[in-house]
Amino acid sequence: MKKSYYLFNPGTLQRKDNTLKFTPVTEDENGAAAKEGQPRYLPVENIDDLYVFGSLTANSATYNFLGQNGIAVHFFDYYENYTGSFMPKDQLLAGKVILSQVAHYQKKSKRLIIARKFIEGAAHNMLTNLKYYNRRGKDMADIMDNIAKYAEQIPSTDAVDVLMGIEGNIRQTYYDGFNLILNDFEMGTRTRQPPRNEVNALVSFGNMMCYSLCLRAIHQTQLNPTISYLHEPGYRRYSLALDIAEIFKPILVDKAIFKVLNKKEIQSKHFDMKLNRCVLNDSGKKIFVQAIEERLQETFQHRSLHRHVSYKHLIRLECYKLNKHILEMEEYKPFKMYW
């Protein structure tokens, strides 16, 4: 099975026969390379994509090699913001699907059906997380009731901007539960740009990871990532990835946050406070990324397919379902945790 590789240090990426050679470097105070470290060799047949968290030097021959082998590269800046991706050539794009995507966006009734499904799935998965901890002695009753009341409005809402408002209310209410779930940390108010405390830093970083995972899955189907239904399509962003990520953030990101904090795998020492901004340091990023990767590789018995499926593959299956809905082959039903 192909997997993701994570490059945390600055370095140079080169083709070496049928492998990739990554040579980490230490940088001086001016950001110039000062000393090379031990090279790391990555066999291309095992790589799905690369996540780059430090500065990377690579030439066009290397990117040609990456493209030929279908390897995507996702870039993040020092403050954990997703900045862009290198994607292999689109091999699967189909004119019929793009036309159908656009038609479903342009016709209000069809767009609303899909937008409602995204929020419906997200709300269900948030409630499932809260129910898990409620069964373990955390009193989530009021929070769950409030989310359920907001969710009841979804079927009758006939404007996408109102749906976005409902989604915001559901998520903010859900985040109130974090203070009950987490043992030694509090989320407080959700702050994004920049995150002001440790939990917000993990949420922001994890959400960016989820966004890039969804973008990669979309790219492996016939869907166009710029045509979306809940989030408004815009310039310089792949808004369909934002739509699909709503379903998977509770399943992938939030589960990982609860694990690393409650098991004390990540502690206060794994964060840096700079200019009223809280970010994970390098060791913290490695621990959190490992937790997300373990979650992605975890498998479960899929109800419809009657076989074990990894959470990473589950995202691509979600794209396939949406593709079938757009082509009017099968009604789209968002993935909902059922355990």
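Just so you know, these numbers come straight off a predicted model, no measurement behind them. The residues of the chain are indexed from 1 along the displayed sequence. Note that these values count all heavy atoms, side chains included, but never hydrogens, waters or copies made by symmetry.
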Any donor-acceptor N/O pair, Lys138 side chain to Leu182 backbone, under 3.5 Å: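 A pair under 3.5 Å: no.
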
query: If only atom types and distance count, is the side chain of His219 paired as donor or acceptor with the main-chain N or O of Pro88 below 3.5 Å?
result: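 Pair found, side chain donor or acceptor close to backbone of Pro88.
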
Would a 4.5 Å heavy-atom cut-off, applied to side chains only, mark [X] and [Y] as touching?
{"X": "Ile143", "Y": "Asn134", "answer": "no"}
{"X": "His74", "Y": "Asp49", "answer": "yes"}
{"X": "Leu56", "Y": "Phe75", "answer": "yes"}
{"X": "Ile114", "Y": "Asp243", "answer": "no"}
{"X": "Asn64", "Y": "Arg15", "answer": "no"}
{"X": "Leu202", "Y": "Ile266", "answer": "yes"}

query: Looking at Arg216, Lys3, Arg316, Lys2, which hits salt bridge (charged side-chain N to carboxylate O under 4.0 Å, His left out) with Asp48?
result: Arg216

query: How about Asn125 and Thr128: does a side-chain donor come under 3.5 Å of a side-chain acceptor?
result: no

message: Side chains of Glu318 and Tyr332: any donor to acceptor distance under 3.5 Å?
response: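 Glu318 and Tyr332 do have a side-chain donor-acceptor pair below 3.5 Å.
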
message: Would you say that more than 12 heavy atoms from the other residues, nucleotides or ligands in this model lie under 6.0 Å from the CG of Asn46, or not?
response: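 It does: Asn46 CG has more than 12 such atoms within range.
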
field: side chain to side chain contact (heavy atoms under 4.5 Å, CB included) between Leu322 and Ile218, intermediate numbers included
entry: CA-CA 10 Å; Leu322 181 59; Ile218 292 168; over 6 Å; no

field: Arg135 charged N/C atom sitting above Tyr132 aromatic ring, 6.0 Å / 45°
entry: no

- request: Give a yes/no verdict on a cation-pi contact between Lys285 and Tyr6, requiring under 6.0 Å between NZ or CZ and the six-membered ring centre and an angle within 45° of the axis.
  value: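 Ring-cation test returns no.
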
- request: Fit a plane to each ring of Phe185 and Phe271, take the angle between them on a 0 to 90° scale, and name the class: parallel (under 30°), tilted (30 to 60°) or perpendicular (over 60°).
  value: tilted

query: Parallel, tilted or perpendicular: which describes the rings of Phe335 and Phe248, with under 30° parallel and over 60° perpendicular?
result: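 Ring orientation of Phe335 relative to Phe248: parallel.
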
Taking 4.0 angstrom as the limit, do [X] and [Y] come out as a salt bridge?
{"X": "Arg295", "Y": "Glu298", "result": "yes"}
{"X": "Glu80", "Y": "Arg277", "result": "no"}
{"X": "Lys312", "Y": "Glu293", "result": "no"}
{"X": "Glu232", "Y": "Arg111", "result": "yes"}

Atom pair NE2 (His302) and CZ (Arg307), whose distance is rounded to the nearest 0.5 Å: 8.0 Å

- line: side-chain hydrogen bond (donor to acceptor under 3.5 Å, both in side chains) pairs touching residues 174-184, sequence neighbours excluded, are Asn129-Tyr174, Tyr174-Asp254, Asn183-Asn262, Asp184-Lys264

Do the ring centers of [X] and [Y] come within less than 6.0 Å of each other?
{"X": "Phe8", "Y": "Tyr51", "value": "no"}
{"X": "Tyr133", "Y": "Phe258", "value": "yes"}
{"X": "Tyr238", "Y": "Tyr82", "value": "no"}

- request: Can you sort out the partners of His325 under ring-ring contact (aromatic ring centres under 6.0 Å, His included), two or more places apart, ordered by chain and number?
  value: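 His325: ring-ring contact (aromatic ring centres under 6.0 Å, His included) contacts with His104.
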
